[in-house]
Amino acid sequence: MHKYIPYGRQQIKEQDIQAVTAALKSDFLTTGPLIEEFEHKLKTVTDAKHCVAISNGTAALHAACFAIGIEKGDEVITTPITFAASANAVIYCGGTPVFADINPETYNIDPEDVKKKITNKTKAIIAVDYTGKPAPLDELKAICDENNIYLIEDAAHSLGSLYKGQKIGSIADLTTFSFHPVKTITTGEGGAVTTDSDALYTRLQLFRTHGITRDDNLMLKNEGPWYYEQLELGYNYRITDIHCALGISQLDRIYEFKSTRNQFFDYYNEQLINVQGIITPKRADFEDSCYHLYVVQVDEKIYGMNRYDLFMKLREAGVGVNVHYIPVYYHPYYQKLGYKKGLCKEAEAFYERIITLPLYPGLSKCDIDYVVDVIKNK
Ligand SMILES: *Cc1c(COP(=O)(O)O)cnc(C)c1O
């Protein structure tokens with residue numbers, strides 16, 4: 001029996017362990033100097049003016065929705081092929097997620113369908129860079145400009161990706177990241193929001209820590225050195241110095257991770273190109289993505305086996321395959337809210353066919369050969 005191969009896995013090296021150990025021995029465990037250092041390093045990797053590191057990627061999305069003032073009655077357009085958090089964040093703020101279909105070539109949100117879903121209640125678009133491939137940001141920005149609404153980019157998959165030469169994190173009004181262990185770099189739990197707007201930056205900082213500030217420029221008055229004011233209803237969404245120590249150390253290897261992920265992505269594509277009925281992800285001309293997931297589609301009629309059976313066969317062979325994602329509005333919670341199947345035809349058809357194969361830096365070509373053999377020998 002071959003060793004178990006998960007679909008994603010963090011890479012922890014001795015330098016990561018040493019960085020975390022040093023943080024534990026320092027004076028600060030929670031809000032110390034490492035948060036700012038991590039934010040500073042993230043700004044370099046994203047080319048953003050501002051960065052707020054936060055407790056996780058979901059909190060980052062919640063903070064982004066808060067920053068632009070999403071509230072009851074507001075609609076926010078997003079894709080159903082994402083982790084539920086992209087839509088849940090809208091509901092946290094009292095808003096209503098509206099789902100637009102995907103483009104079957106890129107698997108990302110389709111700007112043409114977004115246009116059809118715009119109403120006078122639409123306040124923002126949350127685009128997701130699914131698998132690490134950037135969403136069609138120029139087209140989405142044009143729609144946002146025309147309708148005077150915000151673009152939030154859920155870049156949980158795409159730290160280190162470029163869009164037409166520009167770094168992800170410097171393009172949308174707000175870009176959110178996750179540092180969960182399966183993502184490109186990890187802090188354990190962790191996330192961040194980047195923005196070029198000074199006003200949004202202030203709101204993100206307030207939101208992360210109860211809506212509280214000690215900044216004289218923001219407070220109504222100052223009664224003394226003990227004094228602070230709560231200006232908004234924020235949360236305790238702070239990240240810690242311990243987490244940031246790991247993040248700083250991981251960011252040293254972001255381009256190494258990117259290069260390895262790209263090599264494996266291409267190697268899968270080469271190995272699977274002649275397997276009839278397995279549709280591989282396309283790399284567009286000049287695409288420069290940091291791939292997070294490697295997702296294939298099973299065309300049952302041509303391949304001669306359905307997605308379920310191939311999935312089970314891979315799992316039985318010790319390959320930790322997964323499915324990303326169940327369309328968000330299929331979940332019972334969303335069904336109870338009144339969302340009906342049939343909303344997004346392409347997304348629904350896509351969901352029926354997909355399998356996520358293992359992709360992470362610690363994988364080897366030998367592991368990929370093994371996975372490909374299981375797929376070939378049906
Ligand atoms: C992982 C992920 C999130 C949530 O991030 P957490 O850090 O787990 O809260 C949100 N959106 C997408 C697309 C993700 O993949």
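The figures that follow rest on heavy atoms only: side chains count, while hydrogens, waters and symmetry mates do not. Note that this is a predicted model, so its numbers are computed, not measured.
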Inset, instruction - For the pair Glu287 and Lys133, find out whether any cationic side-chain nitrogen is under 4.0 Å from an anionic carboxylate oxygen. - result: yes
Legend entry - Any side-chain donor near an acceptor of the partner, Tyr227 and Asp216, under 3.5 Å: no
Inset, instruction - Taking the side chain as every heavy atom from C-beta outward, state whether Leu343 and Tyr329 have any atom pair closer than 4.5 Å. - result: yes
Inset, instruction - Decide whether a cation-pi geometry holds between Arg261 and Tyr294; the criteria are a distance under 6.0 Å from NZ or CZ to the six-membered ring centre and an angle within 45° of the ring axis. - result: no
Legend entry - Non-hydrogen side-chain atoms of Val76 and Pro97 separated by less than 4.5 Å: no
Inset, instruction - Is it possible for you to check whether Lys378 lies under 6.0 Å from the centre of the six-membered ring of Tyr303, through NZ or CZ, and within 45° of that ring's axis? - result: yes
Inset, instruction - Determine whether the side chains of His180 and Asn56 contain a donor N or O and an acceptor N or O closer than 3.5 Å. - result: no
Inset, instruction - Would you mind reporting whether Tyr150 and Leu174 have side-chain heavy atoms less than 4.5 Å apart? - result: no
Inset, instruction - Consider only side-chain N and O atoms of Ser170 and Asp47, and report whether a donor and an acceptor are under 3.5 Å apart. - result: no
Residues 7-15 side chain polar contacts: donor-acceptor under 3.5 Å, at least two apart:
| unit_1 | atom_1 | unit_2 | atom_2 | d |
| --- | --- | --- | --- | --- |
| Tyr7 | OH | His324 | NE2 | 3.4 |
| Gln11 | OE1 | Arg253 | NE | 2.7 |
| Gln11 | OE1 | Arg253 | NH2 | 3.0 |

Inset, instruction - For residues Tyr333 and Ile91, determine if any side-chain heavy atom of one lies less than 4.5 Å from a side-chain heavy atom of the other. - result: yes
Legend entry - Side chain proximity check, Phe207 to Tyr235, heavy atoms < 4.5 angstrom: yes
Legend entry - Pairs satisfying ring pair (Phe, Tyr, Trp, His ring centres under 6.0 Å), at least one member in residues 11-42, at least two apart: Phe38-Phe179
Inset, instruction - Hey, could you give me the CG/OG1 distance between Asp74 and Thr119, rounded to the nearest 0.5 Å? - result: 9.5 Å
Inset, instruction - Please tell me if the side chains of Leu137 and Ile168 come closer than 4.5 Å, counting only heavy atoms from C-beta onward. - result: yes
Legend entry - Check: Phe99 ring centroid to Tyr339 ring centroid under 6.0 Å: yes
Inset, instruction - Please determine if Lys115 and Glu112 form a salt bridge, counting it only when a charged side-chain N lies under 4.0 Å from a carboxylate O. - result: yes
Legend entry - Between Asp367 and Ser364: side-chain donor-acceptor atoms closer than 3.5 Å: yes
Legend entry - Reported CD1-to-CD1 distance for the pair Ile354 and Ile279, which is rounded to 0.5 angstrom: 12.0 Å
Inset, instruction - Determine whether Val182 and His292 make a side-chain contact, defined as any pair of heavy atoms from C-beta on separated by less than 4.5 Å. - result: yes
Inset, instruction - Ignoring hydrogens and angles, state whether a donor on the side chain of Tyr163 or Glu153 is under 3.5 Å from an acceptor on the partner side chain. - result: no
Inset, instruction - Would you check if Phe350 and Val295 make a side-chain contact, meaning some heavy-atom pair closer than 4.5 Å? - result: yes
Inset, instruction - Take Ile109 and Tyr130 through the side-chain contact (heavy atoms from CB on, under 4.5 Å) test and state the conclusion after the steps. - result: CA-CA 9 Å; Ile109 197 166; Tyr130 176 70; over 6 Å; no
Inset, instruction - Could you pull out all residues at least two apart from His243 that satisfy side chain to side chain donor-acceptor pair (under 3.5 Å)? - result: Thr240
